[in-house]
Number of protein chains: 2
Amino acid sequence: MTIETGHAAHSCGAVQRKGRASRRAPQPAGPAELRKILLFSNVDESTLSRLSADAKIESFHDGDQLFRQGSPVTDLPFVVSGYVKLLRIAPSGRQTLIAIRSGGEMIGEAPTGPDEIHTVSAEAVGATKVLKLPATRFIRLLKESPSLCAAVMRESKDSIGRLMGEVESLKSQNADQRLARFILLLCPPGEDRCRFRLPYDKRLIAARLGVKQETLSRAFAKLRAHGVRTETRNVHVESVSHLADQCDRLGQRARSAFGRRNAEKRHDAA
Amino acid sequence: MTIETGHAAHSCGAVQRKGRASRRAPQPAGPAELRKILLFSNVDESTLSRLSADAKIESFHDGDQLFRQGSPVTDLPFVVSGYVKLLRIAPSGRQTLIAIRSGGEMIGEAPTGPDEIHTVSAEAVGATKVLKLPATRFIRLLKESPSLCAAVMRESKDSIGRLMGEVESLKSQNADQRLARFILLLCPPGEDRCRFRLPYDKRLIAARLGVKQETLSRAFAKLRAHGVRTETRNVHVESVSHLADQCDRLGQRARSAFGRRNAEKRHDAA
DNA sequence: CGCCGACTTGAGCAATCTCAATCATGGTGG
DNA sequence: CCACCATGATTGAGATTGCTCAAGTCGGCG
């Protein structure tokens, strides 16, 4: 686990990076934009249009901070394009990646009352567009729209499920297995042999998997033996099904000579 | 990470353990019982009494399974007394501890619609009493009571926050640090020097921290140098504040001879 | 008294990290 | 067009953490 940020060594305050000019020129957004957000896919039309009244779309550059852990929640942001890192920052200053949000996903938590506080920091990965809804309006509509309420509850459960999966994989899988599972997630469904591009650089992937960059690199090397080729950001999987099969075996002890199969039945944490 | 269950090597199906007789004699429960549940602390009286109509209290023995991952959600359970483990079970059969629920806490997720499926398995730790609300009634009231809705959303956010903390600590702390933090959590607030009992056995604590039992044992041994004594289940902390201070230092590399302090500024995963 | 389960301890090994060097790549300026 | 630099990625070597196996302690209970 634990990877350095590479560039933004400080990343405190909404620092503008790379000296580019055009940062943060809020654009208005309408119901059409909102409808593209997963959370709203089942929300009724009228709520949606009321929600979109003060919606704004903002652009960020790589490393820009969207909000900081401990600061008050003033609005509810969603990723329109690009990626956003969610980080926990310990008192020591140590930053730990908690999750990465991509297009259509909510960043942070839906506020349900006034005076809430961010429990994580959020930072743009590459050029990113974000749609922001003012928290106050959102909170008001939450009280009036059951369909919005239901959507938020569904989203929360999703989020809980994903985090539990994260805990499970950190507790029970090694780096090779986590990488294999990560790759399987990226494979377009349907084809057994496939080719795609990694969504972000390997430093970030390493942090996402909770390993050092060097360890990730070695894990990729190990997967070559199982039909996974990489050229920088491009990945080629010879057989998705075969990789999925191997996934378990990657956890097997490297077996010093004669192996005493304690086949299956490994009780992990219980 | 990863600990064996010790006893219930199979734990499949609602197995009755230890051959005791008196298992599962559902008792009715009233609003008074519900009020003790954290989730309901701010729910209005009328909703609460309607909710309690079909509430039942059931008793379980150590190792009994309350529900199984993948099975349909028929009711919403809460811990009245004792502890309940939440486990994820991989296709390989490997079980991973996700969380431990204690008195007043909700087990599993609040159902928001029909036909939901459990995403974890739940198993009693020691003798445990559980309050169950039928899912259908709960779902109905959720649609009618904004205060119940709000309570569920608050609970979800809590849960998300705790899971994020879990991910953070698994990614960024070693076994010693995790144990130190765990102990600090158990210390009664106020006193600097304190003494208390561990809530469950060390095998379970190890699983909770994501390490093997032997590793936990060694971590306890290391903490003795920082004023933490243990006699089986009793813990004595000489100075809570001192332990809290040491917490960070426990992560420091054991420093082979001359140490190049790279004091602070460790960017973990980002 | 003897067994069993929980816990501890020791020894060796595997996974991962750290440090450091190297390599590839894309962009920049001359 | 090319030398040069910054950044990301890879690789090697050695240190450290945590795991596995195995034995031993301790306390309770039949």
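Below, chain A is the first sequence line, B the second, and so on; all start at residue 1. Computed from a predicted structure; not experimentally measured.
We find that CD of A:Gln173 is positioned 11 Å from P of C:dT16, with the value rounded to whole Å. Protein atom CD of A:Gln213 is 14 Å distant from nucleotide atom C1' of C:dA20, rounded to whole Å. Following rounding to the nearest Å, A:Leu170 (CG) and C:dT16 (C1') show an atom-to-atom distance of 14 Å. Distance, A:Asp62 CG to D:dT7 C1': 12 Å, rounded to whole Å. Taking atom OH of A:Tyr200 as the reference point, atom P of D:dA9 lies 13 Å away to the nearest angstrom. Look at CG on A:Leu216: it is 13 Å from C1' on C:dT16, rounded to the nearest Å. Look at CD on B:Gln177: it is 14 Å from C1' on D:dT16, rounded to the nearest Å. One can place CG of A:Asn174 at 12 Å from C1' of D:dC19, the figure rounded to the nearest angstrom.
Counted by atom type alone, B:Ser241 and B:Asp192 present one or more donor-acceptor pairs between their side chains at under 3.5 Å. In this structure, a donor-acceptor pair under 3.5 Å is absent between the side chains of B:Ser81 and B:Lys129.
In this structure, the side chains of B:Gln95 and B:Arg88 stay at 4.5 Å or more apart for every pair of heavy atoms.
Put simply, the residue from B:Leu209, B:Leu216, B:Thr215 that forms a side chain to side chain contact (heavy atoms under 4.5 Å, CB included) with B:Lys212 is B:Thr215. With respect to B:Glu123, the salt bridge (charged side-chain N to carboxylate O under 4.0 Å, His left out) criterion is satisfied by exactly one of B:Lys85, B:Arg101, B:Arg68: B:Lys85.
The stretch residues 218-242 of chain B participates, sequence neighbours left out, in no ring pair (Phe, Tyr, Trp, His ring centres under 6.0 Å) pair at all.
Near-neighbour residues of DNA chain D inside residues 218-235 of chain A, defined by a heavy atom below 4.0 Å, number-ordered: A:Arg218, A:Arg224.
Here the side chain of A:Arg203 is nearest to one of D:dC19, D:dA9, C:dC17, namely D:dA9. When the nucleotides C:dT18, D:dG8, D:dT10 are ranked by their closest atom to the side chain of A:Lys202, D:dT10 comes out on top. The listed nucleotides are D:dG8, C:dT18, D:dG18; the one nearest the side chain of A:Asp201 is D:dG8.
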Checking A:Glu231 against A:Arg197 for the salt bridge (Lys or Arg N to Asp or Glu O under 4.0 Å) test, could you report, in this order, the C-alpha distance in whole Å, the side-chain angles of both residues, the deciding distance, and whether it holds?
CA-CA 10 Å; A:Glu231 331 127 325; A:Arg197 237 179 125 59; over 6 Å; no
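Put simply, B:Ser217 has no side-chain N or O that comes within less than 4.0 Å of OP1 or OP2 on C:dC7.
The base of D:dC21 is paired with the side chain of B:Glu214 by a donor and an acceptor separated by under 3.5 Å.
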